[in-house]
Amino acid sequence: MAPPRNVVKIAVQMPEAIPQLIQLDQAKPLAAVLKEVCDAWSLVHSERYALQFADGHRSYITENNRTEIKNGSILCLSTAPDLEAERLLGGLQSGSRERRREALQHLVLLAPDVTFAQEVVSRDGLQRLGTIIEDGDDLGEVLTLALRAFLELMEHGMVSWETLSIPFVRKVVCYVNMNLMDASVQPLALRLLESVTLSSPALGQLVKSEVPLDRLLVHLQVMNQQLQTKAMALLTALLQGASPAERKHMLDYLWQRNLRQFIYKNIIHSATPLGDEMAHHLYVLQALMLGLLEPRMRTPLDPYSQEQREQLQALRQAAFESEGESLGTGLSADRRRSLCAREFRKLGFSNSNPAQDLERVPPGLLALDNMLYFSKHAPSAYSRVVLENSSREDKHECPFARSSIQLTVLLCELLRVGEPCSETAQDFSPMFFGQDQSFHELFCVSIQLLNKTWKEMRATQEDFDKVMQVVREQLARTLALKPSSLELFRTKVNALPYGEVLRLRQTERLHQEGTLAPPILELREKLKPELMGLIRQQRLLRLCEGTLFRKISSRRRQDKLWFCCLSPNHKMLQYGDVEEGASPPTLESLPEQLPVADIKALLTGKDCPHVREKGSGKQNKDLYELAFSISYDHGEAEAYLNFIAPSKREMG
């Protein structure tokens, strides 16, 4: 006869004792279960003991998580978390370095468990660890372990980063700034300062003032990927916490120190594959670089600004200088104004007063900046584009200024200029680190593409919006390829002419229409059972292979991973934490199990509890697209196993 649903068969281990095989009644109080286990081994004072999972991170069993115990689980009897916390914290006060080291090692192992962490924090464990870190008597393994334990405990969010003392933060800063420091200490110190900077504006300012940018550049140039990643993490955190003016000053300085070139040559094109965390920080750095354009994008042209009027005149003169100067000699002021107005019209402005065209925001002054950059840095191409269109009389002229204004808007949309940084995105473009003034250089390539596409379409002014739609598609398709340099971008985008765009559209349309055609529908219905069987088999195989997922906190990006897969008999989901860079774990090494029979529903997007709590900001849009949750029975309540898919392809 099968046991009741709330009874599970498990094993309980204890060192130097024969394991017990018991049937655990989940309805029975945990204290009563412990009493029975202790009695079987003739142990008194059962309140001094606790049950832990034997595998994985050895979580303590509590009334809250006991439903995670499944048939076949292996538990071990250990010291109760309050007594273990007391013992280990006592070991930190020992005069013996070896005993302190052993206590710290056990703290690091147990700190990820929330039950144990609560006991440590309630006994001023963070303060004791802080003292070890602040004293800095041992700069080797003891300090490394103390920093790791401190970070693990803080990750639970029981104590705010804002409560850290200034002397403590300054001491951690010293570890970052110190030469010849142990290689395992500095990544942890950088990680701690990153958390401080992201969580506390006041302490973030302290970190900014005490960690020189040059010091972070030194760490970035060390051929140690972990140190590079944590230095980049702190750098992006400092940039995000800075005011727009400070951020511009910091980025200008970093670029003067050749950070861009170093990233491009030694990080993006490194022989070592780029990690997910570094890819995210490069995405953030790119977003902050492009964000410097936002003030210009949102500022309209001021018709009363002498500087801006002179810039417009310079733009006109660069195209029509010889003609304008020769015709303008000896003319009256009114005649000269009339001539200028005509030339601005020939330049492609919709109004004889170009200030009216540039009052629109976005793109505001950014469009003027792009046109000026093109005229100064590609004068031959600028003259060719302007003159070949201004001299046409067949209604097929491409208006340079109007096109430039709309193209600037388009580039800002494609590159998300001014949008908040995502917590998880990794889609940076390598070419933006390949050269200076990358946005303006991209505009120079794009405006010539637009002019080429206009001629291929034999467009007139009435076709302006159609041309812009084609150009958007050309740019979006090419950017999605992530070309490694501007030259490669130029080559690829020019290999996508209007005719190729039409072909791609037609192929996609025929594909969509073909799947809906009656003969195809009839054939598909006949083949459906076989196809569904193949699809089911393929999906089950993929589930059995398993997937690596990244843990995402509500406060900041985590560098912890976990793995989940379906058991070969398709009855269990098995999962557990894994280390960065480790090979896929074996089924036996995954400590957690969830019976497929217990699964109630699959949730996606905004219905998932772990993204519902994050709010509805723009930066969480990509989280919604990648989030899914499995709901299952958790005693009388409903529980969730929450996922963030690695990519949209994996999500699909």
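Quick caveat: nothing in here was measured; it's all calculated off a predicted structure. In this chain, numbering begins with 1 at the start of the sequence shown.
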message = Quick check: closest heavy atoms across L594 and I630, and the distance to 0.1 Å?
response = CD2-CG2, 4.2 Å
query = Crowded around E545 CD? As in, over 12 foreign heavy atoms under 6.0 Å?
reply = yes
inquiry  = Tell me whether the count of non-hydrogen atoms from other residues, nucleotides or ligands lying under 6.0 Å of NZ in K35 goes above 12.
reply    = no
inquiry  = So for atom CZ, which belongs to R148, do other residues, nucleotides or ligands contribute more than 12 heavy atoms lying within a distance under 6.0 Å?
reply    = no
salt_bridge(K560, D577) N-O dist < 4.0 Å = no
Between CD on residue E134 and NZ on residue K171, distance to nearest 0.5 Å = 8.0 Å
ask   = Between L147 and A189, which heavy-atom pair has the shortest distance, and what is it?
value = CD1-N, 4.4 Å
query = From C76 SG over to L51 CG, what is the distance, rounded to the nearest 0.5 angstrom?
reply = 8.0 Å
message = Looking at R542, I'd like to know if its CZ atom is crowded, meaning that more than 12 non-hydrogen atoms belonging to other residues, nucleotides or ligands lie closer than 6.0 Å.
response = yes
inquiry  = Determine whether a donor-acceptor pair (N or O, by modelled atom type, separation under 3.5 Å) exists between the side chain of R247 and the backbone of M289.
reply    = no
message = Ring centroids only, cut at 6.0 angstrom: are F643 and Y575 within range, meaning strictly under it?
response = no
message = Test your reading of the model: is there a side-chain donor-acceptor pair from E63 to the backbone of P29, 3.5 Å cut-off?
response = no
ask   = In this structure, are over 12 heavy atoms from other groups packed under 6.0 Å from H156 atom NE2?
value = yes
task = Measure the acute angle between the ring planes of Y60 and F116, then classify it against the limits of 30° and 60° as parallel, tilted or perpendicular.
result = parallel
task = For atom NE2 of H269, decide whether the heavy atoms of other residues, nucleotides or ligands shown that lie under 6.0 angstrom number more than 12.
result = yes
message = Rounded at 0.5 Å granularity, tell me how far CG in L110 sits from NE2 in H106.
response = 7.5 Å
task = Looking only at non-hydrogen atoms, find the nearest pair between R66 and L24 and report the distance.
result = NH2-CD1, 4.2 Å
